[in-house]
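Positions are given from 1 along the sequence. All values below come from the heavy atoms of this structure, side chains included, with hydrogens, waters and symmetry mates left out. Just so you know, ligand 1 is whichever comes first in the structure, and atom 1 is the first atom listed for that ligand.
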Amino acid sequence: MCGIVGYYGPKNPKEVIMTGLKALEYRGYDSAGVAILDKGVFKRVRAEGKLSNLSEKLTAEDFNGHLGIGHTRWATHGKPSERNAHPHTVGDVSLVHNGIIENYMELREELIKDGAVIESDTDSELVAHLLNRQLKKTPDLLPAVLAILPRLVGAYAIVCVNVKQPETMVAFKNGPPLILGVGSDAMYIASDVQAIVSYTKNVVYLEDGEVVEVKGTGYKVFSAKGKPTDKPVVEINWTADVASKGGFPHFMVKEIFEQPRAVAQAIQPHINLASTTVEMFELGLDQKALSEIERIFIVACGSSYYTGLVGEYMIERLARVPVECDIASEFRYRHPVLPKNSLFISISQSGETADTLAAVRLAKAAGVKVLSICNVRRSSIDREADGHLYMNAGTEVGVASTKAFSATLSLLNLFSIAMAKAKGKLTLAEEQDYVRQIQAAPAQIETVLNLDKWFKEGADQLKNFRGFLYLGRGVHYPIAMEGALKLKELAYMHAEGYAAGEMKHGPLALIDDDMAVVMLAPHDELFEKSISNMEEAKARGGQILSISTGHNKRLEEISNFYLALPEAGWFTMPLLEVVPVQLLAYHVAVSLGHDVDQPRNLAKSVTVE
Ligand code: M6R
């Protein structure tokens with residue numbers, strides 16, 4: 001999940017590479033480095049920690065060259081340290097790598113036997129050794145890369161340079177994303193478009209197994225076997241997403257507050273305002289094909305998986321089509337049966353999550369249509385899918401997903417209506433009623449955001465709990481899991497999301513005075529059952545924070561803290577109740593002094609297994 005940049009051109013490489021790395025810092029932030037060709041040598045500067053540390057080191061450095069590479073790291077092999085930071089330089093070769101070389105033990109042993117002196121603990125350095133060794137036989141970078149490619153097992157996006165070829169960069173990929181930017185007088189290589197969009201809008205998306213050779217301002221793309229390949233240059237109409245906090249102290253809280261707009265933008269393209277009905281045109285299936293779907297698989301990771309669980313509930317309830325929701329990292333290893341007439345839905349904010357992408361490929365290989373729900377257009381998953389639903393949430397910078405989560409929920413709301421319609425399970429009046437509910441959601445989320453003050457003031461008290469149990473039933477259960485995940489990733493506190501009815505099958509033993517129980521219990525058909533579960537927790541000393549709707553005397557008596565959400569049905573309630581659990585995690589993390597936008601050990605885009 002590292003970010004990589006390569007640059008050839010007349011501008012100051014330091015500026016171009018650092019601009020690119022800044023845009024890619026979401027991919028990893030435990031160390032960073034650059035190598036820039038300067039008076040015939042690659043001058044390498046690396047720093048442990050955030051990109052700002054590298055920036056500081058670079059202020060004193062001057063470079064006169066026109067070629068360079070840069071990297072921001074999320075450690076896989078070897079702890080975060082300057083020694084393990086990229087670029088890795090061996091002899092004439094310097095390179096940056098995103099991914100994991102799975103056969104690194106075998107390569108390491110072989111290289112050591114061959115006399116190589118290995119300086120870091122990384123798998124990436126081994127690729128530099130292989131290339132350096134190969135360059136002694138084939139002194140040109142491109143044939144050297146083609147020669148070593150069969151030796152690499154695993155996932156990689158790599159840019160390499162050779163000190164003896166001052167106008168050349170070679171990049172190749174298998175798995176993680178890699179793009180080439182074509183400027184009028186310069187060439188760029190990067191992990192994503194945002195890294196280069198302020199310099200060029202002409203992009204070539206590289207596919208797995210492709211190798212690109214940049215020579216001066218020209219380039220050629222080859223297959224892994226060295227066969228020249230024609231690749232279209234795509235003109236993108238993106239602008240540089242000048243990431244600004246807009247007056248908020250962190251991106252995450254800004255993005256929490258952007259949720260009303262994110263939901264409105266996600267649903268807007270799919271609602272016919274005149275008839276208050278759903279019209280989804282990009283599903284990759286016509287109405288007949290949709291009506292013939294007999295089974296749906298939803299596959300995703302992390303928070304996206306929890307949205308999928310809500311989707312499973314919504315689709316089954318409205319459309320009566322069986323849905324299986326799976327964690328992407330497990331999906332392909334359980335040898336799933338994908339019957340004919342299935343639809344596979346992938347959910348991924350980034351569109352780059354390696355496990356989700358692998359699951360998409362498995363579904364496609366089985367002949368199943370893939371519908372992608374993602375935020376980043378033209379991301380790897382988006383490009384492979386047959387149908388597309390876009391979150392339209394705008395760039396999500398905070399590593400903890402918030403507005404993409406809500407945008408996805410709202411798309412699943414609409415998809416479940418579309419599916420139910422295709423199956424003849426909804427009357428027009430029912431459809432219109434559901435559409436009105438989702439149309440009302442942005443304004444209701446605005447109201448829920450008023451709870452921000454409560455969490456800000458309560459955070460100092462909340463942070464003293466030993467742990468948090470988040471409980472919910474039905475559609476609220478995935479939100480309980482999302483709440484626990486948010487607290488874990490931001491506050492580094494132990495938290496679990498449980499189906500409230502499961503408490504007596506074990507987790508009740510955890511409850512005492514130091515345990516906070518966050519109960520998601522809006523007034524719906526499961527409300528009375530949820531109250532019973534709260535009584536059980538209360539009787540064991542649990543400190544209860546209830547998130548409900550309206551007022552209920554008994555519930556308020558049991559609860560140590562009671563928060564009321566606006567009235568809404570089960571269909572849109574997840575959109576409302578996720579906001580307080582986001583605010584809880586955010587404020588507790590801030591109060592603990594954590595870096596909420598870049599929590600430790602995590603990265604925004606997970607492009608390795
Ligand atoms: O980009 P994706 O939606 O595929 O990412 C999936 C997860 O990595 C992501 O949701 C992760 O769990 C978030 N950090 C949660 O806040």
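Against a heavy-atom cut-off of under 4.0 Å, S401 is close to the following atoms of ligand 1: 15 (C), 16 (O). Listed by atom number, the atoms of ligand 1 under 4.0 Å from K486 heavy atoms are 15 (C), 16 (O).
Ring-plane geometry between Y188 and Y199 is classed as parallel, the angle between the planes falling under 30 degrees on a 0 to 90 degree scale with a further cut at 60. Aromatic ring orientation, Y390 versus H388: parallel (interplanar angle below 30°, classes split at 30° and 60°). The aromatic rings of F561 and W454 stand perpendicular to each other, their planes meeting at an angle above 60°, with 30° marking the opposite boundary.
Distances between N or O atoms of K604 and those of ligand 1 include no value under 3.5 Å.
Using a 3.5 Å distance cut-off with no hydrogens or angles, the side chains of E396 and S401 do pair a donor with an acceptor. A side-chain N or O of Q259 and one of Q582 form a donor-acceptor pair less than 3.5 Å apart. The closest side-chain donor-acceptor pair between N601 and Y492, if any, does not fall under 3.5 angstrom.
At the shortest separation from atom 8 (O) of ligand 1 among protein heavy atoms lies V606 CG2, 4.0 Å. Closest protein heavy atom to atom 16 (O) of ligand 1: E489 OE2, 2.4 Å. With respect to atom 5 (O) of ligand 1, the closest heavy atom belonging to the protein is T353 OG1, 3.5 Å. For atom 7 (C) of ligand 1, the nearest protein heavy atom (residue, atom name, distance) is C301 O, 3.6 Å. Closest to atom 9 (C) of ligand 1 among all protein heavy atoms lies S303 N, 4.0 Å. If you check which protein heavy atom lies closest to atom 1 (O) of ligand 1, you get S350 OG, 2.7 Å.
In E352, neither the side chain nor the backbone holds a heavy atom less than 4.0 Å from any atom of ligand 1.
Using a 4.0 Å cutoff on heavy atoms, V399 counts as a contact of ligand 1.
For the pair R73 and Y29, the cation-pi test (distance below 6.0 Å, angle within 45°) is failed.
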For a salt bridge (Lys or Arg N to Asp or Glu O under 4.0 Å) check, start with the C-alpha distance between D208 and R361, then their side-chain angles and the critical distance, and finish with the verdict. CA-CA 12 Å; D208 286 353; R361 288 181 176 156; 3.2 Å; yes

